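Just below is one structure, and these are the notes that go with it.
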Protein chains: 2
Amino acid sequence: MNRISKRQRAGAAGRGARRRAAFLAAAREAFLAKGYAAATLDDVVRRSGGSRATLYKQFGDKAGLFAAIIAELCAEMTAPLREAGERPQARAPRAALLAFATAFMRVMMAPASLALYRLVVAEAGRFPELGRAVYRAGPKVAAARLAAYLRAGAAAGAFTAGDADLRARHFLEMVKGDLHFRALIGLGPQPSRREVDRCVRAAVDSLLNGISARPPSRASARRRRRAAAARGAS
Amino acid sequence: MNRISKRQRAGAAGRGARRRAAFLAAAREAFLAKGYAAATLDDVVRRSGGSRATLYKQFGDKAGLFAAIIAELCAEMTAPLREAGERPQARAPRAALLAFATAFMRVMMAPASLALYRLVVAEAGRFPELGRAVYRAGPKVAAARLAAYLRAGAAAGAFTAGDADLRARHFLEMVKGDLHFRALIGLGPQPSRREVDRCVRAAVDSLLNGISARPPSRASARRRRRAAAARGAS
DNA sequence: CCAGAAGTGTACTTGATAGTACACTGTGCG
DNA sequence: CGCACAGTGTACTATCAAGTACACTTCTGG
């Protein structure tokens, strides 16, 4: 299945490159679906329509093939996160955060992302590079973008002073909520768009306004500013 | 399963129970350290000091042994979460939340918890029951406890109206922050107690006060109340 | 102390899978 | 063309681990 037609059009990549792509596509499916240990090269070979020998020639061994997959996935993952919520400064904070969070969730909840996440968590022990690579390509990018926005907003007076990086990470975790974890372990069906939206809105609400019944007193605001300064200094 | 030894001596457990305990201890180490597929029963047998035959007699097969481990771990995990932050109503919201969050983090960041988390994420596909069991024993318990507290606080006028369950889950995710994820994939050393504390404090701050520079206007407070009511009704 | 249950050690079968060897075939370029 | 090389298919080895069989030993309760 999923066999790539052998005769591609003239403009297409060379024979080697075509094979390589077919291997990668098949391997991606296999690894994402079953994990590193349970995915078999036989399976990959069968699905790719190629042959064992060629696979070994191109990737060396199983780990090499795996590394190639991961590199590809990281590259793909980074793009949408970089673009998430274009030109945030042009919008009201609430709208900007909603847009960013929604884009983030779209990426995180995609089946391929969930599978990649599972893979990383399971195999980071065996492939230390893997964890670093995915972290750099995923959460770090998103958090950095959001933190930049929060810093700009704070400078413009829209937000209170505080550690923007920490807040960004907190916000993203909140947005993920436990919807992500539940999807990860296959609890119940995929959440509907409505549910995701509800979760995102609540996260934005919490981030912007908190849940205290009274607006912070002047004294507590001073306390918070001091605490923020201390954090910044350390 | 869960067979009670026929001869229960007054003080010590029977022979069977002792063996069983040794198997479980060895298997726990093996599974947590290597994951389901990579852990070998040979290894378990050697470490336990027992024999292959007895292991099979007691647990049936590898999956049976695994299930037994998980049940045990779930039971152990639930206890500290249930007790986390005793008698919260007696303290100021900030202190209560800090205490709860700190206890939560102590549980979540423990090496055994991290290993269990890895295992669950990796194997939930193969063992659907596993995901449900751990979710029930872990995050669900913590969120339920916290939600109850938030509801009580809201009733007492300390917090704004809103979906307490959602808030509780959001807060816990925030507290975990990316410290948990990074520990999970072995990025850098374990965070120091100071770092965890800083993360927890910031989360509590965000939850209570939000980051908006201006306290919510009367109009926006009304809007939020309306939204909360709509959420509650749906 | 004895009988039998429970546990042990070892050797075996079976099956899966990573990786290799090699002869054959299709492809593309001069 | 026709040659060289990349890719294919098949068969093979080696390894490793799950699960079984069985004769032997040790513990436990009466």
Side-chain angles (χ1 to χ4, degrees), chain A residues 1-27 29-31 33-69 123 126-127, chain B residues 1-27 29-31 33-69 123 126-127:
Chain A
M1 55 181 60
N2 231 346
R3 210 187 153 84
I4 300 264
S5 145
K6 279 182 212 143
R7 282 159 254 285
Q8 295 245 335
R9 267 260 146 290
R15 216 175 158 200
R18 255 178 292 143
R19 268 283 113 248
R20 191 184 165 87
F23 281 136
L24 286 173
E29 268 188 65
F31 281 129
K34 308 196 190 174
Y36 181 77
T40 74
L41 295 190
D42 264 329
D43 200 32
V44 172
V45 166
R46 224 178 313 117
R47 296 222 261 215
S48 74
S51 76
R52 249 182 138 54
T54 311
L55 190 152
Y56 275 94
K57 196 170 293 177
Q58 294 214 9
F59 299 99
D61 60 2
K62 192 179 185 181
L65 178 59
F66 185 62
I69 296 299
E123 305 299 341
R126 230 178 314 231
F127 300 96
Chain B
M1 298 273 128
N2 227 351
R3 196 146 120 61
I4 302 264
S5 153
K6 279 179 220 146
R7 307 160 191 37
Q8 285 203 316
R9 214 65 230 91
R15 214 179 160 195
R18 254 177 292 142
R19 265 287 113 247
R20 190 185 165 86
F23 281 136
L24 286 173
E29 268 189 67
F31 281 128
K34 308 196 188 174
Y36 181 77
T40 75
L41 295 188
D42 265 330
D43 200 33
V44 172
V45 167
R46 224 177 314 114
R47 293 221 260 214
S48 73
S51 76
R52 244 180 143 56
T54 310
L55 190 153
Y56 276 93
K57 194 169 296 176
Q58 294 214 7
F59 299 100
D61 60 3
K62 193 180 187 181
L65 179 60
F66 185 63
I69 297 298
E123 305 298 341
R126 227 178 317 231
F127 301 96

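In what follows, chains carry the letters A, B, and so on, assigned in the order in which the sequence lines appear, proteins first and then strands, with residues in each chain numbered from 1. Everything numeric here is computed off the predicted structure, so don't read it as measured data.
- With rounding to whole Å, A:K57 atom NZ is found 12 Å from C:dA21 atom P.
- At a threshold of 4.0 angstrom between heavy atoms, the contacts of B:A39 are confined to the sugar-phosphate backbone, with no base atom among them.
- In the set D:dG7, C:dG19, D:dT26, the nucleotide with an atom closest to the side chain of B:R15 is D:dT26.
- The only option from A:Y36, A:F59, A:F23 that meets the ring pair (Phe, Tyr, Trp, His ring centres under 6.0 Å) definition with A:F66 turns out to be A:Y36.
- Below the 3.5 angstrom threshold, one finds no donor paired with an acceptor across the side chain of A:R52 and the base of D:dG9.
- Looking at every heavy atom in both residues, B:S48 comes nearest to B:A22 through CB-O, 3.7 Å.
- Taking atom CG of residue B:D42 and atom P of nucleotide C:dA11, one finds them 13 Å apart after rounding to whole Å.
- For the pair B:K34 NZ and D:dA17 P, the interatomic distance rounds to 8 Å; values are reported in whole Å.
- With D:dG19, C:dC22, D:dG7 as the choices, the nucleotide that has an atom nearest any side-chain atom of B:L41 turns out to be D:dG19.
- One can place CG of A:L55 at 13 Å from P of D:dG9, the figure rounded to the nearest angstrom.
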Discussion item. Using side-chain contact (heavy atoms from CB on, under 4.5 Å), reason through B:R52 and B:D42 one step at a time and then give a plain yes or no.
Written reply: CA-CA 8 Å; B:R52 244 180 143 56; B:D42 265 330; 2.9 Å; yes

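- In this structure, B:R46 places its CZ atom 14 Å from C1' of C:dT10, rounding to the nearest Å.
- Minimum atom distance to the side chain of A:T40 is reached by C:dA18, of the listed D:dC22, C:dA18, D:dT20.
- If you take CG of A:D61 and P of C:dT17, they are 17 Å apart, rounded to a whole angstrom.
- Taking for each of B:A53 and B:Y56 the nucleotide of DNA chain D with the nearest heavy atom, the 5'-most of the two is the partner of B:Y56.
- What you find for B:A26 and B:V44 is that their closest heavy atoms are CB-O, 3.6 Å.
- A:T54 has a side-chain polar atom (N or O) that falls below the 4.0 Å cut-off from OP1 or OP2 of D:dT8.
- Look at A:Q58 and you won't find any side-chain N or O under 4.0 angstrom from OP1 or OP2 of D:dA6.
- At whole-Å resolution of the value, CZ in B:F59 and P in D:dA18 are 15 Å apart.
- Rounded to whole angstrom, the span from the OH atom of B:Y36 across to the P atom of D:dA17 amounts to 14 Å.
- Contact annotation: B:S51 side-chain N/O to C:dT8 OP1/OP2 distance is under 4.0 Å.
- Among the nucleotides D:dT28, C:dA18, C:dC22, the one closest to any side-chain atom of B:R18 is D:dT28.
- Between the side chain of A:K62 and the backbone N or O of A:A39 there is at least one donor-acceptor pair closer than 3.5 Å.
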